[in-house]
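The structure appears right after this line, and notes come after that.
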Amino acid sequence: MSTTFSVTLPSGATWTPTFVAALNEEKCIGCGRCFKVCPRGVLELVGLTEDGERIHVDLDDDDDEDAEYEKKVMTIAHQELCIGCTACAKICPKKCYTHAPAAV
Ligand code: SF4
Ligand code: SF4
């Protein structure tokens with residue numbers, strides 16, 4: 001049987017952190033704001049090609065003119081590293097993120 005992961009704060013209150021669960025690539029504009037605030041290296045910016053292929057893209061790569069991809073999107077590359085700070089969701093202008101409690 002699994003229970004929801006939660007912690008007891010010094011105040012005695014219970015806090016249930018929520019961790020990154022999904023990122024809506026349809027809504028994402030690839031602005032990179034979430035990447036910059038994530039303290040854990042969870043996220044990765046990729047370029048989507050015409051054929052739906054994913055290629056690595058540098059955040060500072062503004063050279064979209066010659067780009068081999070059609071669109072830049074953020075992806076969750078290392079979900080297991082998330083500490084549930086929710087900074088990514090707070091800064092995202094397109095509300096792409098879904099966070100959820102963890103089961104233990
Ligand atoms: S919740 Fe925090 S640690 Fe997790 S992906 Fe978002 S910014 Fe990174
Ligand atoms: S902040 Fe939101 S819109 Fe910008 S790259 Fe991250 S998920 Fe996409």
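We count ligands from 1, going down the list as the structure has it; atoms in each ligand are counted the same way. For clarity, every value in this text was computed on a predicted model and none was experimentally measured.
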For atom 7 (S) of ligand 2, what's the nearest protein heavy-atom neighbour? Residue, atom name and distance, please. Tyr97 CE1, 3.6 Å
Any sub-3.5 Å donor-acceptor pair from Thr75's side-chain atoms to Ala77's backbone N or O? no
Quick check: are there more than 12 heavy atoms from other residues, nucleotides or ligands sitting under 6.0 Å from NZ of Lys27? yes
Within a strict 4.5 Å, meaning less than it, do heavy atoms of the Val73 and Val46 side chains meet? yes
Tell me which donor-acceptor pairs under 3.5 Å the side chains of residues 79-86 have, and how far apart each pair is, sequence neighbours excluded?
unit_1 : atom_1 : unit_2 : atom_2 : d
Gln79  : NE2    : Val20  : O      : 2.9
Thr86  : OG1    : Lys90  : NZ     : 2.9

Within the 2.8 Å cut-off the protein N, O or S neighbours of atom 4 (Fe) of ligand 2 are Cys31 SG
Can you confirm whether more than 12 heavy atoms, excluding those of Glu70, are under 6.0 Å from its CD atom? yes
Counting C-beta onward and ignoring hydrogens, is there a side-chain heavy-atom pair between Ile55 and Thr49 closer than 4.5 Å? yes
Tabulate below the donor-acceptor pairs under 3.5 Å that side-chain atoms of residues 32-39 make, not counting sequence neighbours, or state none.
none

His99 near ligand 1 by a heavy-atom separation under 4.0 Å: yes
To the nearest 0.5 Å, how far apart are SG in Cys28 and NZ in Lys71? 6.5 Å
Has Asp51 got a side-chain atom pairing as donor or acceptor with Glu53's backbone, closer than 3.5 angstrom? no
Can you list, by chain and residue number, the protein N, O or S atoms under 2.8 Å from atom 2 (Fe) of ligand 1? Cys85 SG
Indicate yes or no: does Arg54 engage Glu44 in a salt bridge with an N to O separation below 4.0 Å. no
